[in-house]
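Read through the structure below, which is laid out as structure tokens, and then see the notes.
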Amino acid sequence: MILLKNGYFVSEENDLIKSDFLINDGKILKMEIGIECDEAEVYDLAGAFVSPGLVDVHVHLREPGYERKETIETGTLAAAKGGFTTIAAMANTIPVPDSVEHVTYINDLLDKSAKVRVFPYAAITIGERGEEIVDVETLANMNILGFSDDGRGIQEAGVMYQAMKRAKEVNKPIVAHCEDDSLLFGGYLHDGEYAKENGHKGILSVSESAQIARDIMLAQATGVHYHICHISTKESVELVRFAKQQGIHVTAEVSPHHLLLCDMDIKNDDTNYKMNPPLRSERDRLACVEGLLDGTIDVIATDHAPHHEDEKARNLYEAPFGIVGLETAFPLMYTHFVKTGIMTLNQLVNCMSRKPADIFNLPYGKLEVGAIADLTIIDLEKEMKIDPQHFVSKGKNTPFTGYCVSGWPVMTLVDGKIVYQAMNL
Ligand SMILES: NC(=O)N[C@@H](CC(=O)O)C(=O)O
Ligand SMILES: [Zn+2]
């Protein structure tokens, strides 16, 4: 039994409410002021904020296959430190989880090493090659969150249509990285001011939005739950808004970096600003913020994409796409969006915990008596500079080095057990 004393949670009306939390057998047993319990291990939260455990539906754990970049152990430790109690692992590993054998292999690795809850995605197509669809009906019965070929778009409309039809039948979502390869023209940064001024090849916004437009029509035709990964352009946000107005079952995520940065923030051709989709224009960034605030975009997902230092040491053209995010997401969002009054603390908790659990039908993201005890304790006052050398993730590739932010997770509980605890709590 664990007793957490003197915490605060946030109500739907955005009021901070003082409470103790008694946790037993993986559940919240009591949630009120002045709980006493002799048998419990007691922790004084001293006014810290208690959130339902954060949920991240877009994480690259890299293992199996790319253990040089990250392992299940280091990636899930990073998740725990960042306050995430449930994450979903993308399928661009070796092997790709595209068969019963490969999904079983990955689930066994997760059982052995994961420190938080992890749901893997199965791929949509064999080898994420966009051609032959996996055995959707069989894989749907395994421990997977849905189907995704993240890292690449599905180029053929017919393949996507068939995959959606089959996923709909088994009631699993299609989680899509939207990118039309025929519209890339060799680009590797957003096709905007920074690329033009510095002589880089640009990635057109339409390479993302055109595929989203196609997929929205396919989602309407098939009735599948279609979830869009890392949305980055104004046009994409407008398309999702339209789709929701039509009653099409579409959800979308945005990453903290697309909410915080635009292409003109890139400094000195630093490859820690290179990710896919790229940092877009300020107008796109503002559209993403607006979309998140009005509910067009449902959730925040980090797209945690660790790479080795050697790989990121290459030039902008050659370095791989991707930045880490698990250990900085909450403090960045809290500091730049809640403290500035752009969104409420309750809205942030919704976007990072309740809604991601809800849209994927997971029983987490709840803070009430009887709920599963996945909790994140956050010191909203604690201010600290972001220093990648302190990350537990193997990936140090972040553009946010030196940002002074507050709202650091200090304790994370999964299923009523402490999986992360800061030294000073
Ligand atoms: N986002 C990225 O820039 N990179 C991801 C792939 C992806 O999410 O598209 C990766 O696996 O490195
Ligand atoms: Zn992606």
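Just so you know, ligand 1 is whichever comes first in the structure, and atom 1 is the first atom listed for that ligand. Sequence positions, counted from 1, serve as the residue numbers for this chain.
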Checklist entry - Can you list the ligand 1 atoms lying under 4.0 Å from a non-hydrogen atom of F321? => result 2 (C), 3 (O), 4 (N), 12 (O)
Checklist entry - For atom 8 (O) of ligand 1, which protein heavy atom lies nearest, and how many Å away is it? => result D150 OD2, 2.8 Å
Checklist entry - At the 4.0 Å heavy-atom cut-off, does P320 count as touching ligand 1? => result no
Checklist entry - Is the closest heavy-atom distance from H58 to ligand 1 below 4.0 Å? => result yes
Next on the checklist: Suppose we only count N/O/S atoms under 2.8 Å; would C229 qualify as near the Zn ion (ligand 2)?
Outcome noted: no
Item to check | Modelled atom types, side-chain donor and acceptor of H58 and E253, under 3.5 Å | outcome: yes
Next on the checklist: Check D415 with R117, please: is the shortest side-chain N to carboxylate O separation under 4.0 Å?
Outcome noted: yes
Next on the checklist: Tell me whether the rings of F330 and Y334 are parallel (<30°), tilted (30 to 60°) or perpendicular (>60°).
Outcome noted: parallel
Item to check | Neighbour count above 12 (heavy atom, 6.0 Å) for Q246 CD | outcome: yes
Next on the checklist: Among H200, E318, K274, which residue satisfies the side chain to side chain donor-acceptor pair (under 3.5 Å) criterion with Y188?
Outcome noted: H200
Checklist entry - Can you tell me if an N/O/S atom from D303 lies under 2.8 Å from the Zn ion (ligand 2)? => result no
Checklist entry - Would you call the rings of H225 and F360 parallel, tilted or perpendicular, where under 30° means parallel and over 60° means perpendicular? => result tilted
Checklist outcome for this item: Check: of N276, T302, D303, N92, min heavy-atom distance to atom 3 (O) of ligand 1 comes from N276
Next on the checklist: Looking at non-hydrogen atoms alone, which of H60, H230, H257, H307 comes nearest to atom 5 (C) of ligand 1?
Outcome noted: H60
Checklist entry - Any N or O of A305 that comes nearer than 3.5 Å to an N or O of ligand 1? => result no
Item to check | Salt bridge D374-K366, side-chain N to carboxylate O under 4.0 Å | outcome: no
Item to check | Apex the Zn ion (ligand 2) - arms NE2 from H230 and OD1 from D150 - angle rounded to 10° | outcome: 110°
Checklist entry - Mind checking whether V136 and V134 have side chains closer than 4.5 Å, heavy atoms only? => result yes
Next on the checklist: Out of R152, R62, M275, K69, who is nearest to atom 12 (O) of ligand 1 when you count heavy atoms only?
Outcome noted: R62
Next on the checklist: For the Zn ion (ligand 2), give me the closest N/O/S atom belonging to H177, just the atom name.
Outcome noted: ND1
Next on the checklist: If the threshold is 4.0 Å, N to carboxylate O, is there a salt bridge linking E235 and R283?
Outcome noted: yes
Item to check | Metal check, the Zn ion (ligand 2) vs H58 N/O/S, cut-off below 2.8 Å | outcome: no
